[in-house]
There are 2 protein chains.
Amino acid sequence: MAKGKKDLDLSTEEKIMEAARKVFTEKGYAAARTRDIAEESGINLALLNYYFRSKEKLFELVMLERVNKLFGAIIPILNDESSTLEEKIEGIAGSYIDLLTEHPDLPIFVLSEIRNRPEKFAALVNARDHRVTKSVFMKQLIERKLSVSPFHILINLLGMTVFPFVGKPVLSKLVGNEAEFDALIKQRKELIPMWIKMMLN
Amino acid sequence: MAKGKKDLDLSTEEKIMEAARKVFTEKGYAAARTRDIAEESGINLALLNYYFRSKEKLFELVMLERVNKLFGAIIPILNDESSTLEEKIEGIAGSYIDLLTEHPDLPIFVLSEIRNRPEKFAALVNARDHRVTKSVFMKQLIERKLSVSPFHILINLLGMTVFPFVGKPVLSKLVGNEAEFDALIKQRKELIPMWIKMMLN
DNA sequence: AATTTTATTAATCAAACGATTAAATATTTT
DNA sequence: AAAATATTTAATCGTTTGATTAATAAAATT
């Protein structure tokens with residue numbers, strides 16, 4: 001075996017990954033130090049390079065996970081052949097709000113890292129591109145013969161759903177405290193589909 | 001005079017500020033190097049510290065500018081005593097889209113820096129807090145006796161307006177190219193007020 | 001049991017980076 | 001014009017940071 005791991009003891013390797021997820025997501029690539037990750041996972045600094053070759057490589061793995069998580073939450077819904085347009089709208093708002101309630105800084109992490117180094121991460125997005133653009137969801141929108149581009153509806157759905165999390169550091173203070181803000185967000189699981197459906201006429 | 005500048009030749013100081021705006025906004029605080037800023041402004045590295053004491057202090061100035069720009073675009077509109085609710089909605093969508101078309105990475109810059117160091121920048125937001133919360137706009141929303149919290153309307157308005165810029169690196173690829181995406185955004189100046197007004201009933 | 005491979009540690013390297021210093025040049029004040 | 005102050009430069013200092021190395025411990029293989 002090339003490297004005698006991966007059978008049972010993902011232990012050390014997985015401890016590093018877990019710490020990497022946390023530190024990278026909290027601070028972003030540039031501000032995260034390999035020593036932070038080592039300390040967070042309770043391992044020796046050299047082990048990070050032993051298992052992952054470099055900070056950069058480790059980050060790429062974390063980034064890939066995050067992008068997959070972000071796209072993975074909607075792509076299956078967008079492409080479900082058996083659900084109606086309305087059901088998809090409910091599904092997207094619902095599952096995204098659930099996901100982002102658990103991982104509130106997922107979108108801002110991914111978006112700001114992509115913006116910091118677009119060349120590097122363009123491929124990550126492009127690879128998942130068509131599964132949105134040519135989705136059943138988009139076809140169903142087109143069938144409705146809207147007076148505006150279907151992309152507007154998609155942008156509105158994502159904007160109303162995701163933006164509260166992106167703007168959370170600012171918005172939660174406006175609303176009051178974080179608990180009140182979270183309560184508002186929970187309400188939006190049902191409100192957003194209602195508003196979006198209004199736009200379909 | 002304590003320091004013999006600020007009469008005519010803001011030249012050097014302003015050259016550094018200009019470069020700092022660009023480099024910080026492009027890369028974020030952590031990834032921006034003082035040497036980048038020096039090179040970008042064509043000055044000697046030591047001048048940065050001579051004029052601004054430290055990278056940190058220089059950044060604080062840039063950050064303050066950015067936050068002011070972001071809030072400054074809506075606070076006057078939110079608090080205009082003479083305009084109707086509907087006019088304010090049109091004004092916010094319009095002026096924000098204009099501002100962000102010129103400075104597309106303003107929101108993601110501010111939001112990600114606040115998220116990276118919330119303690120440091122909490123005060124910046126708090127100071128401008130009440131001018132949103134207790135704005136004429138919010139009062140006008142309350143008068144409408146909506147079935148949902150007025151904050152939902154504010155979040156929707158900001159979400160639909162700002163999110164396209166936050167998500168631009170991803171969304172513009174979905175839509176096609178950047179030009180098409182910009183065209184869509186331009187349409188939204190009139191569409192967003194229409195959608196928001198629908199929500200007021 | 002001996003040997004080879006894998007895992008882990010402490011120490012350290014080299015480059016990057018923010019910051020400072022001391023000297024030189026320019027500008028302002030007297 | 002001389003003196004004082006402000007501006008600019010080149011060189012360099014001290015840390016931080018990603019990465020490596022050499023030695024050791026543990027595990028797997030023979």
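To find a chain, count down the sequence lines: A is the first, B the second, and so on, and within it residues start at 1. Everything numeric here is computed off the predicted structure, so don't read it as measured data. Note: hydrogens, waters and symmetry copies are ignored here, and every other heavy atom, side chains too, is used.
- Residue-to-nucleotide proximity on DNA chain D shows that, of A/Arg53 and A/Ala31, the 5′-proximal contact is made by A/Ala31.
- Across D/dT8, C/dG18, D/dT9, the shortest atom-to-atom separation from the side chain of B/Arg33 is found for C/dG18.
- A side chain to side chain contact (heavy atoms under 4.5 Å, CB included) with B/Ile192 is found for one member of B/Ile89, B/Ile97, B/Ile92 and no other, namely B/Ile97.
- Taking the centre and axis of the six-membered ring of B/Tyr29, the NZ or CZ atom of B/Arg117 falls inside the cone set by 45° and 6.0 Å.
- Counting only heavy atoms from C-beta outward, the side chains of B/Lys173 and A/Asn126 approach each other to under 4.5 Å.
- With C/dT8, D/dT12, D/dT8 as the candidates, the nucleotide lying closest to the side chain of A/Leu47 is C/dT8.
- The separation between B/Lys55 atom NZ and C/dG18 atom C1' is 8 Å, rounded to whole Å.
- For B/Thr12 and D/dT7, the shortest distance from a side-chain N or O to OP1 or OP2 is not below 4.0 Å.
- Applying the 4.0 Å criterion to OP1 and OP2 of C/dT8, one finds that A/Tyr51 has a side-chain N or O inside that range.
- Partner of A/Leu158 under the side chain to side chain contact (heavy atoms under 4.5 Å, CB included) criterion, out of A/Ile155, A/Asn156, A/Leu154: A/Leu154 alone.
- Using a 4.0 Å cut-off, no side-chain N or O of B/Arg35 falls inside it from OP1 or OP2 of C/dC17.
- Contact between the side-chain N/O atoms of A/Asn44 and the OP1/OP2 oxygens of C/dT8 is not found at any separation under 4.0 Å.
- At the heavy-atom level, A/Ala30 lies nowhere under 4.0 Å from the strands shown.
- Going from atom NZ of A/Lys57 over to atom C1' of D/dT20 covers 15 Å, rounded to whole Å.
- Taking atom CD1 of residue B/Ile37 and atom P of nucleotide C/dA16, one finds them 18 Å apart after rounding to whole Å.
- Remark: P of C/dG18 and CZ of B/Phe59 are 13 Å apart, rounded to the nearest angstrom.
- Here the C1' atom of nucleotide C/dC17 and the CD atom of B/Glu56 are 15 Å apart, to the nearest Å.
- Counting only heavy atoms from C-beta outward, the side chains of B/Ile196 and A/Trp195 never approach each other to under 4.5 Å.
- Among C/dA16, C/dA19, D/dA19, the nucleotide with an atom closest to any side-chain atom of A/Leu45 is D/dA19.
- The interatomic distance linking B/Leu58 (CG) with C/dA19 (P) rounds to 10 Å, in whole Å.
- Residue B/Tyr50 has its side chain nearest to D/dT8 when only C/dT8, D/dT8, D/dG18 are considered.
- Rounded to whole Å, the distance from CG on A/Asn49 to P on C/dA10 is 16 Å.
- At the phosphate of C/dC17, neither OP1 nor OP2 sits under 4.0 Å from any side-chain N or O atom of B/Thr34.
- Remark on DNA chain D: of its neighbouring residues B/Gly42 and A/Leu48, the 5'-side contact belongs to B/Gly42, judged by nearest-heavy-atom nucleotide.
- Computed from coordinates, the B/Ile43 CD1 to D/dA10 P distance equals 12 Å when rounded to whole Å.
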